[in-house]
Novice: 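Can you keep this structure in mind? I'll have questions shortly.
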Amino acid sequence: MGIDAAAQKQLAARAALAFVKEGMTLGIGTGSTVDAFIEVLAEAPRAARHVASSERSAARLAERGFDCVGLNDTDGLDLYVDGADEYTERFTLLKGGGGAHVREKVLAAAARSFVVIADASKKVDVLGAFPVAVEVLPLARSAVARKLAALGARPDLRTGFTTDEGNLILDCAGFAITDAAELERDICALPGVVDCGICALRPADVILAAGPDGEVIKLVR
Ligand code: 5RP
């Protein structure tokens, strides 16, 4: 039977500590796996500066004594650690289950190293079993939904949810993701789209995936 997903997340989170060095500028993602990472980080703070990808993570960091700075107050991130809803062995990801992917992708793009922490259930051969989260400007919601349907998706408004940027999320099931980078470009080119949860143009550099047997597999690009 092995250990459950929560325990796997904790193992992956602890494994990421090895990448955190003294004096670094560290970006922190969002989600339950990152919550576990924040817990282990608090045991032995090392980084000099922390940049949070969401109000949620900033609040959790503040509760543990970490004052976050804005990305504009840095010259980029040495390391960005985040979870994922899906990952492939080609280092492409689906993110946005927590609706924070816009800021997450900004931080990943600004990072010299992007480490993903996950439980083994997140591994897929082809992205897309999990819906693609598309953040849209509120005024563009319907127009973008029609364009996404024309691209093959079934867009579904995430109800009762507003992003940290004040926008809406359309969760899009049904995409055939044969070329993740091309679809990422196509979705992001639609006027009114802020960003989508496909991370193929800036893939992960390292994936730390913990399995039910307690082993943490390290994939390096
Ligand atoms: C938030 C994300 C998260 O990284 C993703 O949803 C994974 O979450 P969890 O660690 O809770 O499984 O993309 O926008």
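This is a predicted model, so every value here is computed, not measured. In listed order, ligands and their atoms are each counted from 1.
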Novice: For atom 3 (C) of ligand 1, what is the closest protein heavy atom, and at what distance to 0.1 Å?
Specialist: Thr30 O, 3.2 Å
Novice: Could you pull out the closest heavy-atom pair between Val34 and Ser57, with the gap in Å?
Specialist: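 Smallest interatomic distance, heavy atoms only, reads CG1-OG, 4.2 Å.
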Novice: Side chain or backbone of Ala118 under 4.0 Å from ligand 1, or both, or neither, by non-hydrogen atoms?
Specialist: neither
Novice: Quick test: of every protein heavy atom, which one is nearest to atom 11 (O) of ligand 1, and how far off is it to 0.1 Å?
Specialist: Ser32 OG, 2.5 Å
Novice: Under a 4.0 angstrom heavy-atom cut-off, which atoms of ligand 1 come close to Gly96?
Specialist: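 Going through ligand 1 atom by atom, the ones under 4.0 Å from Gly96 are 2 (C), 13 (O), 14 (O).
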Novice: Measure the distance from atom 6 (O) of ligand 1 to every protein heavy atom, then report the residue, atom name and distance (to 0.1 Å) of the closest one.
Specialist: Asp85 OD1, 2.6 Å
Novice: Under 4.0 Å from a heavy atom of Gly83: which atoms of ligand 1 are those, numbered in the order shown and with their elements?
Specialist: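 This gives 4 (O) as the contact atoms.
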Novice: Considering only protein heavy atoms, which is closest to atom 1 (C) of ligand 1, and at what distance to one decimal place?
Specialist: Glu104 OE2, 3.1 Å
Novice: Using only heavy-atom distances, determine whether the side chains of Ser53 and Thr30 contain a donor-acceptor pair under 3.5 Å.
Specialist: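 There is such a pair (donor and acceptor under 3.5 Å, judged by atom type) between the side chains of Ser53 and Thr30.
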Novice: Taking only heavy atoms of Gly99, which atoms of ligand 1 are found under 4.0 Å from at least one of them?
Specialist: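 By the 4.0 Å cutoff, the relevant atoms are 14 (O).
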Novice: Pick one: which of Val51, Val81, Asp82, Leu41 meets side-chain contact (heavy atoms from CB on, under 4.5 Å) with Ile28?
Specialist: Leu41
Novice: Give a yes or no answer on whether the side chain of Arg49 reaches the backbone of Gly27 with a donor-acceptor pair at less than 3.5 Å.
Specialist: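 Judged by distance alone, no pair lies under 3.5 Å.
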Novice: Just need the protein heavy atom nearest to atom 10 (O) of ligand 1, so name the residue and atom and give the distance.
Specialist: Thr33 OG1, 2.6 Å
Novice: Once you restrict to heavy atoms under 4.0 Å, what part of Asp82 touches ligand 1? Side chain, backbone, both or neither.
Specialist: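 Side chain only; the backbone of Asp82 stays clear of ligand 1.
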Novice: Counting N and O atoms only, with roles assigned by atom type, does the side chain of Arg46 sit under 3.5 Å from a partner on the main chain of Val20, one being a donor and the other an acceptor?
Specialist: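 Yes; judged by distance alone, with no hydrogens or angles, the pair exists.
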Novice: Side chain of Glu184, backbone of Leu201: donor and acceptor closer than 3.5 Å?
Specialist: yes
Novice: Distance to the ring centre below 6.0 angstrom and angle to the axis at most 45 degrees; does that hold for Arg64 and Phe66?
Specialist: no
Novice: Report, in ascending order of atom number, the atoms of ligand 1 lying under 4.0 Å from any heavy atom of Lys9.
Specialist: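 Those of ligand 1 that fall under 4.0 Å from Lys9 are 9 (P), 11 (O), 12 (O).
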Novice: So, the side chain of Asp205 versus the backbone of Phe114: is there a donor-acceptor pair under 3.5 Å, distance only?
Specialist: yes
Novice: Looking only at protein heavy atoms, identify the closest one to atom 12 (O) of ligand 1 and say how far it is in Å.
Specialist: Lys122 NZ, 2.6 Å
Novice: Report, in ascending order of atom number, the atoms of ligand 1 lying under 4.0 Å from any heavy atom of Lys95.
Specialist: 2 (C), 3 (C), 4 (O), 13 (O)
Novice: So, Thr92 and Thr88: side-chain donor and acceptor under 3.5 Å apart, yes or no?
Specialist: yes
Novice: With atoms numbered from 1 as shown, which atoms in ligand 1 lie under 4.0 angstrom from a non-hydrogen atom of Ala100?
Specialist: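 Those atoms are 14 (O).
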